Amino acid sequence: MPILAMLIVGTAAGFIATRLMKVEADVGTTIAIGILGALAGGLLIRFLAVIAGWAAGFVGAILGAMLLIWLWQRYFGS
C-alpha cells in the first residue's frame, strides 16, 4: 500500500510541478519527477526542522539563563 500511495502522491506532485514550471512531460517522467521531488523535499524539510530545533533549543537556553541571572540579581544580588 505505501508504494501505491507514493505513486499516487508522486503523480499528483509531478503533475502540479510540471504545470507550474510549464514543462511538457510524459506520464512516466511526471511520476519520476514527483517521486524524486518528494524524496528531495522531504529530506530538505527534515534537515531544516532539525536545524530549527537546535536553534530553538539554543535560544531557549539563552533565555532561561537570562531569566536565572535576572532572578539571582533581583533576589540575591546586592
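FYI, side chains are in, hydrogens and waters are out, and symmetry mates aren't considered; it's all heavy atoms of this structure. Keep in mind that this is a model prediction, so the values were computed, not measured. All residue numbers in this chain count up from 1 along the given sequence.
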For I62, check side-chain contact (heavy atoms from CB on, under 4.5 Å) against everything at least two apart and list the hits.
F58, M66
Can I get a per-line list of side-chain donor-acceptor pairs under 3.5 Å for residues 6-19, giving both atom names and the distance, sequence neighbours left out?
unit_1, atom_1, unit_2, atom_2, d
T11, OG1, L7, O, 2.6
T18, OG1, G14, O, 2.9
T18, OG1, F15, O, 2.9

Who passes side-chain contact (heavy atoms from CB on, under 4.5 Å) against L67, sequence neighbours left out?
W70, L71
Which residues, ordered by chain and number, are linked to W54 in its hydrophobic cluster, where ILVMFWY side chains connect at heavy-atom gaps below 4.5 Å, directly or through other members?
L44, F47, L48, V50, I51
Should side-chain heavy atoms under 4.5 Å link Ile, Leu, Val, Met, Phe, Trp and Tyr, which residues sit in the same cluster as M21?
V23
So, using side chain to side chain donor-acceptor pair (under 3.5 Å) as the criterion, who are the partners of T29 when residues are at least two apart?
D26
